[in-house]
Amino acid sequence: MVVMVAPRSIVCWSCGKDVSLEGEPEVCPHCGALLDEQSFDARAGELLRAVSDADANIGEAETRLAEERSRCARWGLLGKLPIFPARRRAKRIEDRLVALRAERKATIKTLRACAVARYYISKWYRVTGITLNDNRRPEVVFARPRYSLEKDGAVAFSCRAPGKTKEQRRLIDAHYAEYEVFCAIQAMIDEGKLGHSRLLANLVATYDEDERQRYRRRVRANEIDMLLVTESALVVIEVKCTWKALTIAFDDRRGRHRIARIGVNKSGELFGTEQEDGAASQVSAHCRTIENSGVYSTDLGSVVGLVVYVGSPRIDMRCEQGLGSVPVFFAEHGGVSAPDRSLEMGQMLAEAVRCVLPLRSSAEVDAVADELFARYADLDGSKTREHRERLKRERLVRGADDSSRRTCSTRSAGSRRQDQELERMLSQVRCDGSSRRHR
């Protein structure tokens, strides 16, 4: 993946001057404007409406210009003279069109600069370090930041890259779903719905940092999508993007969840065979990693899991929420799985937070979040790359062992066949000798 280097500065939405990104500025040093996502969105709304007005003015001017040119055409050569009234009016309209188009182009340029700046001052970028990618490559996820105006007048921001192949679209859908869930939860935090909380994302607990598997032979890392630190529970969040119907049940005998997913068509009919979904086991493993991290107040009982499904058309819950040795909750985002909204993410996240009694003060929330961020954040992607390289080496070793075993097995089989053939020949010789003696 070719990744663009983060810019050193962004453009202030208010004064248009460059602001250095060093030190994560919260206000513009030139004009004092607040540099947050809401301020950029508000400015983008003004710019979008200005573009819309410019489009209307350009369309009206083009209609008037066509009328004046039609009048000139009716007068033949006389209509081409600069002193002809219709020709003078057409010239004024042409000059106005040039000015309108130049103004529209400048507004769009400012709008694009605002979209880029909005991404780099976002809390998502500050906790993940994921830069905007070069959209010339097919495997990018975050690229081409842009604003648009919805039908109800709301301002929409997007930085999703287009995917050409099915595999690319699946990858982009999965990663962008994490971004959308992060933004939705962060909005809840900003509105004060979860108390004093901190949301982290893109955490990687590598093999060496995980006490539970440090001395095990298998290579593995816990790639945690999101971690919410609150005054009560620590919520480990696993995001899954799927277009299949889900059935979630709990096996009391084994003490674990069983999740089955199956295809569903536009008519709501199921098709294909059921496949097992391991999201509950995955989020439970992440929870145990955090519990064993040794960070203050992350011991057993304070960490819960939340699996968020994005895009599923139907989720059939056949068990209560919060079951398991590590309590696991389930929610949906952006789907239509439950008419009564019983699986709505905000509701289930609040329930997951409340299932643990208050443990931390506001200052302790910040201290715990800072330590977890310092330990597990992967701002430069090095932990993920190292983990994948280890997996690759492990596969090569396993492949070599399997090949060696297959070679030995083949040789053994060949030796057995040679022994059997030799034994057959000796038996034949013995039989021939015996028959000659009897004659």
Side-chain angles (χ1 to χ4, degrees), residues 124 127-130 141 171 174-175 177-179 181-182 185 197-230 233-242 255-257 259 276-310 322 324-331 349 352-353 356 368-395 398:
W124 164 264
V127 300
T128 65
I130 300 175
V141 176
L171 173 68
H175 284 274
E178 297 174 17
Y179 172 74
V181 170
F182 179 93
I185 296 175
S197 306
R198 291 270 301 277
L199 182 61
L200 308 178
N202 194 38
L203 305 178
V204 179
T206 59
Y207 178 80
D208 297 326
E209 294 173 311
D210 190 345
E211 293 290 344
R212 296 182 305 108
Q213 55 184 330
R214 177 176 292 186
Y215 301 107
R216 297 185 185 183
R217 299 182 66 182
R218 63 176 178 170
V219 176
R220 177 185 170 194
N222 286 275
E223 298 181 71
I224 301 172
D225 292 343
M226 271 165 270
L227 178 61
L228 177 67
V229 184
T230 73
L234 268 80
V235 187
V236 176
I237 302 167
E238 181 69 24
V239 180
K240 295 294 182 183
C241 183
T242 180
R256 68 181 188 89
H257 289 89
I259 308 172
E276 187 172 356
D277 187 301
S281 300
Q282 189 176 0
V283 76
S284 296
H286 296 339
C287 289
R288 294 189 183 96
T289 295
I290 298 300
E291 286 175 351
N292 288 275
S293 64
V295 177
Y296 170 75
S297 75
T298 62
D299 51 350
L300 186 65
S302 68
V303 185
V304 301
L306 175 68
V307 180
V308 181
Y309 287 103
V310 178
S325 55
V326 175
V328 177
F329 294 80
F330 298 88
L349 181 59
V353 170
V356 176
V368 170
D370 289 341
E371 184 172 352
L372 289 169
F373 180 78
R375 185 178 296 189
Y376 298 128
D378 189 24
L379 295 178
D380 59 356
S382 59
K383 293 182 179 180
T384 301
R385 287 193 297 272
E386 180 185 358
H387 167 55
R388 289 172 182 169
E389 288 172 1
R390 281 180 167 181
L391 285 177
K392 188 183 296 183
R393 291 196 298 269
E394 181 72 7
R395 291 192 194 101
R398 285 201 303 267

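Bear in mind that the values here come from a model prediction, so they are computed numbers and not experimental data.
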Apply side-chain contact (heavy atoms from CB on, under 4.5 Å) to Val141 and Ile130, showing your working.
CA-CA 10 Å; Val141 176; Ile130 300 175; over 6 Å; no
Evaluate the side-chain contact (heavy atoms from CB on, under 4.5 Å) criterion for residues Val283 and Leu306: first the C-alpha distance (whole Å), next the side-chain angles of each, then the deciding distance (0.1 Å), finally the verdict.
CA-CA 7 Å; Val283 76; Leu306 175 68; over 6 Å; no
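Between Ala279 and Tyr309, the closest heavy-atom pair is CB-OH, 3.6 Å. Of all heavy-atom pairs spanning Ser197 and Leu228, the tightest one is CB-CD1, 3.9 Å. Considering all non-hydrogen atoms of both residues, Ala233 and Ala352 come closest at CB-O, 3.8 Å. Closest approach of Leu234 to Ser297, counting heavy atoms only: CD1-O, 4.2 Å. Taking each heavy atom of Cys241 and Ala174 in turn, the nearest pair found is CB-CA, 4.0 Å. Across every non-hydrogen atom of His257 and Ala280, the tightest pair is CB-CB, 3.8 Å.
In this structure, OG in Ser284 is found 10.5 Å from CZ in Arg256, a value given to the nearest 0.5 Å. Taken to the nearest 0.5 Å, the CG atom of Leu203 stands 5.5 Å off from the CD1 atom of Ile224. Rounding to the nearest 0.5 angstrom, the gap separating the SG atom in Cys287 from the CD atom in Glu238 is 10.0 Å. Atoms CG and CD1, from Asn222 and Ile290 in turn, are 8.0 Å apart once rounded to the nearest 0.5 Å. To the nearest 0.5 Å, atoms CG (Asp225) and NE2 (His286) are separated by 6.5 Å. Atom OG1 in Thr289 sits 7.0 Å away from atom OH in Tyr376 (nearest 0.5 Å).
Contact annotation: the side chain of Val127 never approaches that of Leu199 to less than 4.5 Å [non-hydrogen atoms, C-beta and beyond]. No side-chain heavy atom of Val307 sits under 4.5 Å from any side-chain heavy atom of Asp277. Side-chain contact check for Val236 versus Val303: some heavy-atom pair is nearer than 4.5 Å. Contact of the Arg198 side chain with the Phe373 side chain is not registered, since no non-hydrogen atoms from C-beta on lie closer than 4.5 Å.
Side chain of Thr128 to backbone of Asn202: no donor-acceptor contact under 3.5 angstrom is found. No side-chain donor-acceptor contact under 3.5 Å links Arg375 to the backbone of Val295.
Qualifying side-chain hydrogen bond (donor to acceptor under 3.5 Å, both in side chains) partners for Asp378, counting only residues two or more places apart in sequence or in other chains: Thr384. Considering only residues two or more places apart in sequence or on other chains, Tyr179 meets the ring-ring contact (aromatic ring centres under 6.0 Å, His included) condition with Trp124, Phe142, Tyr176. With sequence neighbours left out, the side-chain hydrogen bond (donor to acceptor under 3.5 Å, both in side chains) criterion links Asp299 to no other residue.
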